[in-house]
2 protein chains.
Amino acid sequence: MKKKKTTIKDIANVLNISAAAVSKALHNDSRISEKTKENVRQVAKKLQYQPNHLASALRSGKSNLVGVIVPRTNSNFFSSVIQNIEEVLNKKGYSIIITQSNESYDKECKSIDTLLYTQVDGIIASMANETIDLSSYEKIKSKGIPLILFDRGENDLNVDYIGIDDYNSSHVIVEHLVKNGCQRIAHIGGYKRTRIYNNRIRGYVDALKKYKLPLDAELLTEGDLTIEDGRIKMRQLLSLKTRPDAVYVAGDYAALGALQVLKEHKILVPEEISLVGFGNEPFTDMVTPKITSVNQHSAEIGKQAANTFLKYIENDTIEQRLNKIILTAELIVRDSSNKKTSL
Amino acid sequence: MKKKKTTIKDIANVLNISAAAVSKALHNDSRISEKTKENVRQVAKKLQYQPNHLASALRSGKSNLVGVIVPRTNSNFFSSVIQNIEEVLNKKGYSIIITQSNESYDKECKSIDTLLYTQVDGIIASMANETIDLSSYEKIKSKGIPLILFDRGENDLNVDYIGIDDYNSSHVIVEHLVKNGCQRIAHIGGYKRTRIYNNRIRGYVDALKKYKLPLDAELLTEGDLTIEDGRIKMRQLLSLKTRPDAVYVAGDYAALGALQVLKEHKILVPEEISLVGFGNEPFTDMVTPKITSVNQHSAEIGKQAANTFLKYIENDTIEQRLNKIILTAELIVRDSSNKKTSL
DNA sequence: TACATTTGTTTAAACGTTTAAGCAAATATA
DNA sequence: TATATTTGCTTAAACGTTTAAACAAATGTA
């Protein structure tokens with residue numbers, strides 16, 4: 001037995017006024033008398049009236065919903081970004097719909113379809129690792145709703161992007177390792193096709209050149225940066241005839257896997273091999289030794305992304321162009337790379 | 001310049017048929033000829049037609065959207081539950097909307113309002129720590145849409161619940177500690193007002209009685225189980241005149257905080273003090289020593305929650321009653337409590 | 001007093017679908 | 001051949017809002 005939901009008409013009937021008057025009263029229209037407004041509010045409360053979003057969004061062409069697409073939510077980075085997006089948007093009357101791509105291109109396409117289908121007013125997204133074909137994202141643009149990318153972006157889409165300076169971060173990391181006496185620095189990288197990982201790789205390569213360090217092909221790997229990937233790549237590095245004395249891993253999870261392998265092999269970190277991760281996930285501060293990592297300013301990224309969306313809504317502009325907001329990342333030096341203070 | 005979105009009418013105009021025919025063709029109605037269907041599909045693709053969810057949901061009274069409310073997404077437990085809910089529901093044509101309460105009662109109420117406003121077909125939720133007043137949840141019930149609770153539930157709502165046997169889990173933990181020779185077992189618990197934490201506390205107390213162990217008020221504490229809470233409570237325990245020889249923490253994050261303090265005090269784990277957490281968060285397996293914990297079967301909980309929702313939809317039943325699915329939790333013994341194999 | 005403006009409301013159309021009911025043409029059944 | 005059934009579509013109403021337009025009554029202005 002379905003319970004009947006209260007509509008604007010029910011309120012109108014009780015008060016013997018038109019549905020339009022009720023609608024206006026609820027929206028505090030200046031042409032409705034204070035008395036009627038008060039009556040409407042009272043009856044609405046008594047009947048437990050809940051506006052029907054479907055109807056109002058359909059009529060007004062605005063859903064007040066913003067879609068957020070992330071590769072996954074169970075990383076501190078993404079969940080912090082989401083939390084900040086939500087905080088900013090809620091204040092302006094928007095709610096967010098979170099979807100996870102699970103790093104899968106197919107799932108991402110489905111998420112986009114679901115969001116468009118739900119008639120969101122905008123989409124804020126970080127792309128899946130797998131994603132190369134951008135047609136799905138082009139579809140968003142072709143619908144004329146604002147698209148804002150963060151962290152994992154793509155220049156070719158010509159939309160707003162908020163992220164950190166990956167290229168430069170690699171420089172900072174390499175510089176830090178060099179200052180700590182490292183000479184043979186390996187890089188466990190992400191897939192080059194993902195822009196941010198490509199930038200970290202380029203930064204690594206160029207920084208090595210700058211410090212006149214050996215650029216050895218066997219010291220540079222690509223992968224999906226899961227814990228398991230980190231373990232595999234670390235084992236590979238350990239099996240080299242000349243081992244590296246430092247490993248810069250492009251993601252914290254993989255860095256953790258690498259650390260596990262190092263510990264299993266009873267290799268002292270940082271004395272024998274220094275380790276640096278990326279992302280500043282909370283666990284980098286929990287393990288022994290604590291892992292040096294890069295703070296990606298998740299909160300700031302979330303806020304900027306939300307504000308960028310709002311900018312489009314407020315200005316009613318729809319023309320989007322490549323517009324990058326690049327934040328400087330911050331190296332958090334911890335035990336795993338700090339030879340002076342460790343032990 | 002807003003781009004015009006393609007509607008069913010645009011397709012109808014191109015083919016010189018009625019909008020109704022197009023709608024039926026798209027739904028593969030048996031009364032529409034194969035030829036027309038094919039035409040419709042082609043034109044739809046050419047015009048990049050995307051159905052308008054608002055309109056169809058409004059008309060049909062079904063949004064095919066399910067709301068999921070969790071305290072936070074950045075824990076492995078919740079994100080795994082979500083992932084499994086999504087997997088099951090997607091197959092049946094439902095999408096999910098994830099909202100976080102951030103453990104705040106206010107935020108939870110707002111989330112519920114947003115979801116009801118969005119006209120979701122059902123809500124799957126785990127309650128915030130703060131939540132005592134259930135009126136917000138009663139509102140969901142009063143709208144006649146299925147409500148399914150998991151992990152953090154509440155009997156008084158008389159709805160379906162999926163969770164683990166917290167009371168019994170405490171027994172299993174205490175038993176394990178006793179077998180490892182512990183005599184003075186402390187419990188860093190969650191707030192008693194939250195049912196699951198209350199059950200863990202009751203289980204702890206009853207298990208102590210069963211094994212004729214001292215039930216000392218100073219060994220039992222309540223808190224929000226954050227890392228910081230774990231640190232504070234552990235320091236308190238260490239300052240007692242007779243320290244415990246084992247600490248059972250009702251959450252992994254607090255267990256981690258406790259471990260940090262133990263290490264800072266150079267106390268050997270498990271030799272001097274054994275430690276057990278709850279939740280089997282991935283980091284329990286990453287830190288040194290690895291923390292013994294309880295696997296909460298997140299995947300199974302997610303699947304069961306989704307299937308419970310589907311049951312209501314398929315049977316078109318709306319009458320809900322208290323119906324608990326209780327899974328047996330699994331103790332994962334690791335170094336932090338295993339005196340025999342550690343070192 | 002006559003006209004203009006403001007106030008408070010109603011009417012009706014619209015948003016993009018779905019769907020019950022209707023109907024003509026084609027096909028089957030007797 | 002007459003009637004029943006099936007096929008393939010159309011018409012029109014409905015879902016719950018919002019909003020432009022209209023309008024009567026009240027108030028202001030000359």
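Quick note: numbers below take in every heavy atom, side chains included, and nothing from hydrogens, waters or symmetry partners. Chain naming here is simple, since letters A, B, ... match the order of the sequence lines and numbering starts at 1 in each.
- At distances below 3.5 Å, not a single donor-acceptor pair connects side-chain atoms of B/Thr131 with backbone N or O atoms of B/Met127.
- Looking at B/Glu300 and B/Lys303, no side-chain N of the basic residue comes within less than 4.0 Å of a carboxylate O on the acidic one, giving no salt bridge.
- Ring geometry, B/Phe309 versus B/Tyr94: the interplanar angle exceeds 60°, so the pair is classed perpendicular (tilted spans 30 to 60°).
- For the pair A/Asp29 CG and D/dT19 P, the computed distance is 10 Å after rounding to whole Å.
- Closest to the A/Ile8 side chain, of the nucleotides D/dA20, D/dT17, C/dT17, is D/dT17.
- Side chain of A/Leu58, nearest nucleotide from C/dT9, C/dC15, C/dT19: C/dC15.
- Two residues, A/Ala55 and B/Ser30, neighbour DNA chain D, and the one matched to the more 5' nucleotide by heavy-atom proximity is B/Ser30.
- Here the P atom of nucleotide C/dT7 and the CZ atom of A/Arg31 are 8 Å apart, to the nearest Å.
- Distances shorter than 4.0 Å separate none of the side-chain N or O atoms of B/Tyr117 from OP1 or OP2 on D/dT17.
- Atom NZ in B/Lys24 sits about 14 Å away from atom P in D/dT7, given to the nearest Å.
- Residue-level contact check: A/Ser56 touches the backbone only, with heavy atoms under 4.0 Å from sugar-phosphate atoms and none from bases.
- Mapping B/Glu34 and A/Leu54 onto DNA chain D by nearest heavy atom places B/Glu34 closer to the 5' end of the strand.
- A straight line from CG of B/Asn64 to P of D/dC15 spans 20 Å, rounded to a whole angstrom.
- Put simply, A/Ser18 has a side-chain N or O that comes within less than 4.0 Å of OP1 or OP2 on C/dT10.
- Checked by distance alone, A/Lys9 brings no side-chain donor or acceptor within 3.5 Å of a matching partner on the base of D/dT17.
- If you take CD1 of B/Ile32 and C1' of C/dT19, they are 12 Å apart, rounded to a whole angstrom.
- Side-chain contact, B/Ser135 with B/Asp133: a donor N or O sits under 3.5 Å from an acceptor N or O.
- The distance between atom CZ of A/Arg59 and atom P of D/dA14, rounded to the nearest whole Å, is 19 Å.
- Ranking D/dG8, D/dT10, C/dT10 by closeness to the B/Ser33 side chain, first place goes to D/dG8.
- Here the side chain of B/Ile17 is nearest to one of D/dT19, D/dT17, D/dT10, namely D/dT10.
- Residue A/Ser23 places at least one side-chain N or O closer than 4.0 Å to OP1 or OP2 of D/dT18.
- Here B/Ser60 does not reach the OP1 or OP2 of C/dT17: none of its side-chain N or O atoms lies under 4.0 Å away.
- Taking atom CG of residue A/Leu26 and atom P of nucleotide C/dT9, one finds them 13 Å apart after rounding to whole Å.
- Within the 3.5 Å criterion, the main-chain N or O of B/Ala19 finds no donor-acceptor partner in the side chain of B/Ser23.
- Note: NZ (B/Lys5) to P (C/dG16) measures 9 Å, nearest angstrom.
- In the set C/dT17, D/dT17, C/dT19, the nucleotide with an atom closest to the side chain of B/Ala20 is C/dT19.
- The side chain of B/His27 has C/dT18 as its nearest neighbour among D/dT18, C/dT18, C/dT9.
- Side chain of A/Thr6 to main chain of A/Leu47: a donor-acceptor pair is present (N/O by atom type, distance under 3.5 Å, no hydrogens or angles).
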